[in-house]
Amino acid sequence: HRAKKLLYDLGNTMRHFSSDLKECGINVSKSGTLSIQEDTLYTSASNGSLEHLFSKEHPFSSSLLKRLSDISINPIII
């Protein structure tokens, strides 16, 4: 049950930032699975967009880091 909650929470984060991810070549399906659009991913890696998406300053990365920090502090929530 807790593992499902973790997947649900991570899926929500992915869906919330799906437009940012898509701009960098990462597509999020309704089920939460990810797929890569290689040309867009390479372009975003070259122009710095991908690096920005995964930087500490970007809300997407901050959300993921917060969730992972919560898990490392209290792994029983999984």
Side-chain angles (χ1 to χ4, degrees):
H1 180 268
R2 291 182 177 148
K4 284 184 182 182
K5 182 180 180 342
L6 172 62
L7 288 174
Y8 177 80
D9 290 345
L10 290 174
N12 278 342
T13 299
M14 295 297 186
R15 283 185 287 281
H16 182 75
F17 292 100
S18 63
S19 61
D20 295 309
L21 290 162
K22 186 172 185 160
E23 287 178 16
C24 288
I26 304 168
N27 298 312
V28 182
S29 73
K30 288 183 181 183
S31 68
T33 58
L34 304 177
S35 63
I36 301 298
Q37 196 172 10
E38 288 185 27
D39 291 343
T40 306
L41 184 69
Y42 290 134
T43 300
S44 67
S46 297
N47 69 20
S49 298
L50 190 63
E51 183 177 1
H52 175 69
L53 179 66
F54 287 95
S55 70
K56 288 182 188 178
E57 293 78 28
H58 195 281
F60 170 68
S61 295
S62 299
S63 295
L64 286 180
L65 289 172
K66 167 111 176 63
R67 184 65 183 137
L68 294 173
S69 175
D70 290 346
I71 292 168
S72 68
I73 291 169
N74 186 4
I76 198 72
I77 66 170
I78 302 175

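Note that the numbering runs from 1 along the sequence shown for the chain.
Across all their heavy atoms, Ser62 and Lys56 have their closest contact at OG-O, 3.0 Å. Closest approach of Lys30 to Arg15, counting heavy atoms only: O-NH1, 3.5 Å. Taking both residues in full, the closest heavy atoms of Cys24 and Ser44 are given as O-OG, 3.0 Å, listed atom of the first, atom of the second, then distance. The shortest non-hydrogen separation linking Ser61 to Ser55 is CB-O, 2.9 Å. What you find for His58 and His52 is that their closest heavy atoms are CB-O, 3.3 Å.
With contacts defined as side-chain heavy-atom distances shorter than 4.5 Å, the pair Thr40/Ile26 does not qualify.
Partners of Phe54 by ring pair (Phe, Tyr, Trp, His ring centres under 6.0 Å), not counting sequence neighbours, listed by chain and number: Phe60. Evaluation of the side-chain contact (heavy atoms from CB on, under 4.5 Å) rule for Ser35 yields Asn27 as partners, not counting sequence neighbours. With sequence neighbours excluded, no residue satisfies salt bridge (Lys or Arg N to Asp or Glu O under 4.0 Å) with Asp20. Looking at residues two or more places apart in sequence or on another chain, you find no ring pair (Phe, Tyr, Trp, His ring centres under 6.0 Å) involving His16. Residues that satisfy the side-chain contact (heavy atoms from CB on, under 4.5 Å) test with Glu51, not counting sequence neighbours, are absent from this structure. Residues forming a side-chain contact (heavy atoms from CB on, under 4.5 Å) with Thr43 (at least two apart in sequence, or on another chain): Asn47.
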